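Working notes, beginning with the structure itself.
Keep in mind that this is a model prediction, so the values were computed, not measured. Throughout, a chain's letter reflects where its sequence line sits, starting with A, and its residues are numbered from 1. All values below come from the heavy atoms of this structure, side chains included, with hydrogens, waters and symmetry mates left out.
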Amino acid sequence: MVFLAKLRAGLDRLYLAAGALGALFLIAILSLIVLQMLARWTGEVFPGAAEYVGYCMAAASFFAFAHTLQRGAHIRVSMLLNVVPAGMRRAMEIWCFAIGTALGWYFVWYAVKFVYWSWKFKDISQGQDMTLLWMPQTGMVIGAVILAISLTDFLIHMVFTGRHRIVHETVESHAE
Amino acid sequence: MEDIGIIALFLFVLFLLLGSGVWIGLALLGVAFVGMELFTTRPVGDVMITTVWTHSSSWTLAALPLFIWMGEVLYRTRLSEDMFKGLAPWLAKLPGGLIHTNIVGCTVFAAVSGSSAATLTTVGKMSIPELRKRNYPEKVVIGTLAGAATLGLMIPPSLTLIVYGVTINESITKLFIAGIVPGIVLAAMFMAYVAIYSKVSKDYHPDEEPDMSFADKVKNSRFLIPVFCLIAVVIGSMYLGFATATEAAAFGVIGALILAASQGSLSWKTFLESLMGATRTSAMIALILAGASFLSLAMGFTGLPRGLANLIADMNLSRFELLMALLVFYIVLGCFLDGISSVVLTMAVVEPMIRQAGIDLLWFGIFIVVVVEMAQITPPIGFNLFVLQGMTRHEMGFIARCAIPMFMIMVLMVFVLIWFPEIATWLPDNMRQGPG
């Protein structure tokens, strides 16, 4: 049980750390845009700024996916979930996590393959940045792996305890 | 259309995944996977990754987390108190009295935040207790707040418009500029309703406000000046062509941080909270967009969009009839889905229809925003209703009834948009072209 407790704490820390990394990429986006504007006003060029911002955007999203899931910020249609009896609800939650887990690992599988070929062929960005594409793409893979791990983790938890590990914050979703 | 049976299966999977509560982004990914497997022989997984990567790593999309962050920072400042105190003296003498602080407050906060929930909480936190203290009818307090907060979706920066622009490849800046006048017109319509209601209704007897000298009024609202400057910088820089939407968003974040710091409400804790909140909300939308990008590719292979566009063309619907059909469709959809998901889910199918009917896509963006705004205040899952329920402890049914007049005004707004399309298209046609 000690091992499980340690694993539990370790996983939770992993999601939070990845989320924090995502937040750092958000700061990187802001910095890059500011630098790019400063360069333009002073008559300099910052080649490939738009591409770098794009890579940071992908990294910010993918690294934060698992953390977002754990905080209950990924939205879903919960109308049916809220009206069915408890037993049914548990079955439906398991179904949701199972679908999520399957899709998560499916995505990871092809993402790894995609980056492997991109690395093998030394794919280069079409933009002015001339980045080797496998570098930013690796961020997407790592983020996708962490998301898949979290979905698996929550699925197992759901099956054995009947509760998921998603923390609901009162009014989290500011997107609406 | 190729095969009705396969299409029915495809739609069934869509409803099954969404309805059973699979997270929307993942559900769209799953549906797209099924669609690709059913309709093509192409290597599905590889296509999926390429599509998702291309759409996730985009400069335009970067406006999204930044605008969310800007709203999150301001949400944690003293803006809530300042807004009521600063607006009340100017609006007290209008017919309908301080109820107008709800509407004007929402309009102002909508101009710094792309979210209607944040707009609602920021304005409502202060105005609900203050208005109750002054004996304003509860029904109007709640109703106007629910309705006016939806302006957060229309007045730039608007998350729904960013998502719409990214989905159909339209300029975000132009969409933002297009949203300004309709947003103000809608706010004016809300205010007109309040003014008329206050004269007609028998139970509208709020306490009188004390008279204030002009100097005092200015003194009370001096805290609002920085906010107005911020709005002017963000929207002005886009309108005058100094900055793209993404760059204006960066101005917005920096301005919001400076504003918060100068008020003394920027601590390490609020900074972290705002940053992590923005990261989460943006990741949430990014997952939906990732799923949607793959789904719209898959939709293309199903032949559904083309089939429907042809079907509509064969039916010889007039533009007006088509828009009415879409209006009803989106209101129904809005009862089950949030605005952003409704937009990304349907655009692959609706876009060819709209193009075929010769409807301007910029204008349609504003149309669709008004329509998904309505969804915010319709039960069973109007998001604003939930937020208000949390804030006021009223029953959902009561809040929904309070919001009915606002809903009707929004329906009227749709017709205004159809009769006078210029209110959406004139401003973007006359803005200066900027970089990119």
Side-chain angles (χ1 to χ4, degrees), chain A residues 19-20 22-23 25-27 29-30 33-34 36-37 40 49-51 53-65 67-69 71 73-81 92-93 95-96 99-100 102-104 106-107 109-111 113-114 136-137 140 151 170-176, chain B residues 17-26 29-30 33 45-46 48-50 53 56-59 61-62 65-66 68-69 71-72 75 115-118 121 159 243 246-247 250 253-254 275-287 336-341 376 380-381 383 387 390 435:
Chain A
F25 275 105
L26 220 162
I27 296 179
I29 293 176
L30 180 62
I33 294 173
V34 171
Q36 186 263 138
M37 282 193 289
R40 199 171 71 214
E51 280 78 18
V53 168
Y55 304 147
C56 289
M57 180 64 211
S61 313
F62 274 86
F63 278 119
F65 279 160
H67 171 67
T68 308
L69 179 70
R71 291 305 186 84
H74 280 306
I75 51 172
R76 60 201 296 203
V77 182
S78 49
M79 210 168 11
L80 207 56
L81 279 172
M92 278 174 72
E93 290 278 12
W95 149 266
C96 289
I99 296 265
L103 280 167
Y106 178 78
F107 190 94
W109 171 257
Y110 281 96
K113 204 176 129 193
F114 174 70
Q137 285 164 351
M140 170 174 77
L151 283 161
T170 33
V171 181
E172 168 70 41
S173 181
H174 280 183
E176 283 304 299
Chain B
L17 289 186
L18 281 178
S20 63
V22 178
W23 296 269
I24 291 172
L26 293 173
L29 214 56
F33 166 77
D46 302 312
M48 170 176 76
I49 302 293
T50 319
W53 168 253
S56 306
S57 57
S58 119
W59 154 268
L61 195 56
L66 294 182
I68 297 173
W69 191 8
E72 290 270 346
Y75 174 71
S115 130
S116 101
T121 14
L159 302 188
T246 311
E247 291 165 347
V253 174
I254 294 169
L275 179 61
M276 290 309 287
T279 308
R280 282 193 291 270
T281 306
S282 136
M284 182 272 279
I285 300 176
L287 185 62
F336 307 98
L337 275 183
D338 65 289
I340 288 175
S341 308
Q376 297 284 90
I381 65 150
F383 200 79
V387 179

Heavy-atom pairs under 4.5 Å with chain B are the metric here; pick the option from [options] that has the most.
options	value
A:Ala64, A:Ala23, A:Gly22, A:Gly19	A:Ala23
A:Leu26, A:Leu80, A:Leu103, A:Val53	A:Leu26
A:Ser78, A:Ala111, A:Ala50	A:Ala50

Min side-chain heavy-atom separation [X]-[Y] under 4.5 Å:
X	Y	value
B:Trp69	A:Ile27	yes
A:Arg71	B:Met276	no
B:Trp59	A:Ile29	no
B:Leu26	A:Leu151	yes
A:Met57	B:Ser282	yes
B:Leu66	A:Ile33	yes

I need the B:Asp338 CG to A:Ile75 CD1 distance, nearest 0.5 Å. 3.5 Å
Which class fits the ring pair A:Tyr55 and B:Trp53: parallel under 30°, tilted 30 to 60°, perpendicular over 60°? parallel
Between chain A and each of B:Leu275, B:Ile24, B:Thr279, B:Ile49, count heavy-atom pairs under 4.5 Å; write down the option with the most. B:Ile49
Looking only at B:Ile254, B:Asp46, B:Leu29, B:Thr246, most heavy-atom pairs under 4.5 Å shared with chain A are made by B:Asp46
Could you pull out the closest heavy-atom pair between [X] and [Y], with the gap in Å?
X	Y	value
A:Leu81	B:Gly21	CD1-CA, 4.2 Å
B:Arg280	A:His67	NH1-NE2, 2.9 Å
B:Ser20	A:Cys96	O-SG, 3.2 Å

Side chain, backbone, both or neither: which part of [X] has a non-hydrogen atom closer than 4.5 Å to chain B?
X	answer
A:Phe62	side chain
A:Gln36	side chain
A:Phe107	both

Between B:Leu337 and chain A, which part of the residue has a heavy atom less than 4.5 Å away: side chain, backbone, both or neither? side chain
